[in-house]
Amino acid sequence: MGLRKKNSRNPPVLSHEFMVQNHADMVSCVGMFFVLGLMFEGTAEMSIVFLTLQHGVVVPAEELPSGSRTLYHYGVKDLATVFFYTLVAIIIHATIQEYILDKISKRLQLTKGKQNKLNEAGQLSVFYIVSGIWGMAILTSENCLSDPTLLWKAHPHNMMTFQMKFFYISQLAYWFHSFPELYFQKVRKQDVPGQLIYIGLHLFHIGGAYLLYLNHLGLLLLMLHYAVELLSNICSLFYFGDERYQKGLSLWPVVFISGRLVTLIVSVITVGLHLAGSQTRNANALSGNVNVLAAKIAVLSSSCSIQVYITWTLTTVWLQRWLEDASLHASGRKRRSRSRKCTENGVENPNRIDSPPKKKEKVP
């Protein structure tokens, strides 16, 4: 990982090991290039596109009960903003890896396989905690919890607030940064397809909610999804820390199933009933209007598909882990039974074939 102490033997420049050890430093240099661009008049306008949110429009007070304010819609310039915050996510990822996860894995003395799983669970846990607190703050500040109708209504002119857009930009940046992390974390080739599907599903659904202006609905579903994923990763952290804690984590399947059911219920009620209540003339899904049949079917089917996929994936992982634990316990019982056969009433049996022959005492 980047930001780590360099070994006495430096790898060749631009080699695989060099990129893995120094990628955070190189990404920091690229990010500083955009920040320093603000200092010069000729490059400030270009740098602002990468650092700040674009496509803002001042809505007059006549159209908003809270007075005039700046609202945002999406556009091509958002790609530049997502790129810059992807660099920021890579730097934060490397910092957490070095100063927290590496020290924990070194203290626990885990194997290489468990160390990789611990790193993944730790990184995702931090991300889910930060996203959960941030998302609940947005839902509370925009009165989405007190007024559920905001789940299927967009702001005037299909726009979003600053904090809502910045949240979605950050979410897209984080999941985009997961692609290069597959290389930096030296993920095994057999694990890459599953990771690509997992990352791609998150980008597809977050991007879909962002482009269709289903900001509040997408945010609420993300909070439900992240809550279940956070509990799953916390269980993994306890499991890697001490396998004895695994017996006390029987609450996880109940919360997991409940979270998936609540997500499906909210999706079906919102998309299937409320958006189907009225049809708009000249409806166009490309303009952000999801009150058309094709858009409703796409939103509902995609929401159900990710729940089915994640349920199947995590169930398979936990079943495999349960089988591994069962095999370890079985091998332990076999070793204990063999040790009992080697002793009789607590005294070693000298007549056993596998007992070593007694050495004759030398007479001085």
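Each residue takes its place number in the sequence, starting with 1. Here the structure is a predicted model, which means the values were calculated and not measured.
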Check: Quick one: CG on L124 to CD1 on I234, what's the gap to the nearest 0.5 Å?
Finding: 11.5 Å
Check: Quick check: are there more than 12 heavy atoms from other residues, nucleotides or ligands sitting under 6.0 Å from CD of E45?
Finding: no
Check: Can you tell me how far the CG atom of N116 sits from the CZ atom of R188, to the nearest 0.5 Å?
Finding: 7.5 Å
Check: Which atom names give the shortest non-hydrogen contact between S105 and Q115, and what distance separates them?
Finding: OG-NE2, 3.7 Å
Checklist line | Closest non-hydrogen atom pair between G122 and L101, with its separation | finding: CA-CD2, 3.9 Å
Next item on the list: Using atom types as modelled and distance alone, determine if a side-chain donor or acceptor of S47 lies under 3.5 Å from a backbone N or O of F34.
Entry: yes
Notebook entry, point to check: If we only count heavy atoms from C-beta on, is the V49 to F84 side-chain gap below 4.5 Å?
Noted result: no
Margin query: As a test of understanding, state which of L139, N215, I169 forms a side chain to side chain contact (heavy atoms under 4.5 Å, CB included) with M164.
Written below: N215
Notebook entry, point to check: Taking side chain as C-beta onward, heavy atoms only, is L71 less than 4.5 Å from T161?
Noted result: yes
Margin query: Could you tell me if Q97 and D102 have a donor-acceptor pair between their side chains, going purely by distance under 3.5 Å?
Written below: yes
Margin query: With heavy-atom distances below 4.5 Å as the criterion, would you say the side chains of F167 and Y210 are in contact?
Written below: no
Item checked: Residues V266, L217; criterion side chain to side chain contact (heavy atoms under 4.5 Å, CB included); working and verdict -> CA-CA 9 Å; V266 172; L217 175 61; 4.1 Å; yes
Next item on the list: Determine whether L211 and M160 fall in the same hydrophobic cluster, where Ile, Leu, Val, Met, Phe, Trp and Tyr are linked whenever their side-chain heavy atoms lie under 4.5 Å apart.
Entry: yes
Margin query: Test your reading of the model: is there a side-chain donor-acceptor pair from Y168 to the backbone of L219, 3.5 Å cut-off?
Written below: yes
Next item on the list: Determine yes or no for a side-chain-to-main-chain donor-acceptor pair under 3.5 angstrom, with H93 supplying the side chain and A89 the backbone.
Entry: no
Check: Taking C-beta and beyond as the side chain, do Q185 and Q195 meet within less than 4.5 Å on heavy atoms?
Finding: no
Next item on the list: Check I91 against S28 and note the closest heavy-atom contact, atom names and distance.
Entry: CD1-OG, 3.4 Å
Note to self: Using the rule that Ile, Leu, Val, Met, Phe, Trp and Tyr join whenever any side-chain heavy atoms are under 4.5 Å apart, tell me whether V262 and L221 fall into a single cluster.
What the structure shows: yes
Checklist line | Y74 ring center within less than 6.0 Å of Y213 ring center | finding: yes
Notebook entry, point to check: Any donor-acceptor pair under 3.5 Å linking the side chain of H177 with the backbone of Y174?
Noted result: yes
Note to self: Tell me if a side-chain donor or acceptor on Q123 pairs with a main-chain N or O of A121 at a distance below 3.5 Å.
What the structure shows: no
Margin query: Under 6.0 Å between ring centres: does that hold for F166 and Y85?
Written below: yes
Next item on the list: Taking the side chain as every heavy atom from C-beta outward, state whether I199 and F179 have any pair of such atoms under 4.5 Å apart.
Entry: yes
Check: In this structure, are over 12 heavy atoms from other groups packed under 6.0 Å from F33 atom CZ?
Finding: no
Notebook entry, point to check: Side chain of K165, backbone of Q54: donor and acceptor closer than 3.5 Å?
Noted result: yes
Checklist line | Any side-chain heavy-atom pair of E17 and K186 under 4.5 Å | finding: yes
Item checked: Nearest-0.5 Å distance that lies between atom CG in L201 and atom CD1 in I197 -> 7.5 Å
Next item on the list: Write down the atom of L172, the atom of L203, and the distance for their closest heavy-atom approach.
Entry: O-CD2, 3.8 Å
Margin query: Below 30° counts as parallel, above 60° as perpendicular, anything between as tilted: where do the rings of Y226 and F127 land?
Written below: perpendicular
Next item on the list: Drop me the distance from M223's CE to Y128's OH, to the nearest 0.5 angstrom.
Entry: 11.0 Å
Next item on the list: Rounded to the nearest 0.5 Å, what's the gap from CG on L118 to CG on N233? Could you check?
Entry: 10.5 Å
Note to self: Is there a path of hydrophobic side-chain contacts, each under 4.5 Å between heavy atoms, that joins I133 and L222?
What the structure shows: yes
Check: Nearest 0.5 Å, what's the CD1-NE2 distance between I90 and H23?
Finding: 6.5 Å
Check: If we ignore angles and hydrogens, is there a donor and acceptor under 3.5 Å between the side chains of S131 and Q171?
Finding: yes
Item checked: S141 to Q163 - nearest heavy-atom pair and separation -> OG-NE2, 2.8 Å
Check: Considering only heavy atoms from C-beta outward, does the side chain of S170 approach that of W134 to under 4.5 Å?
Finding: yes
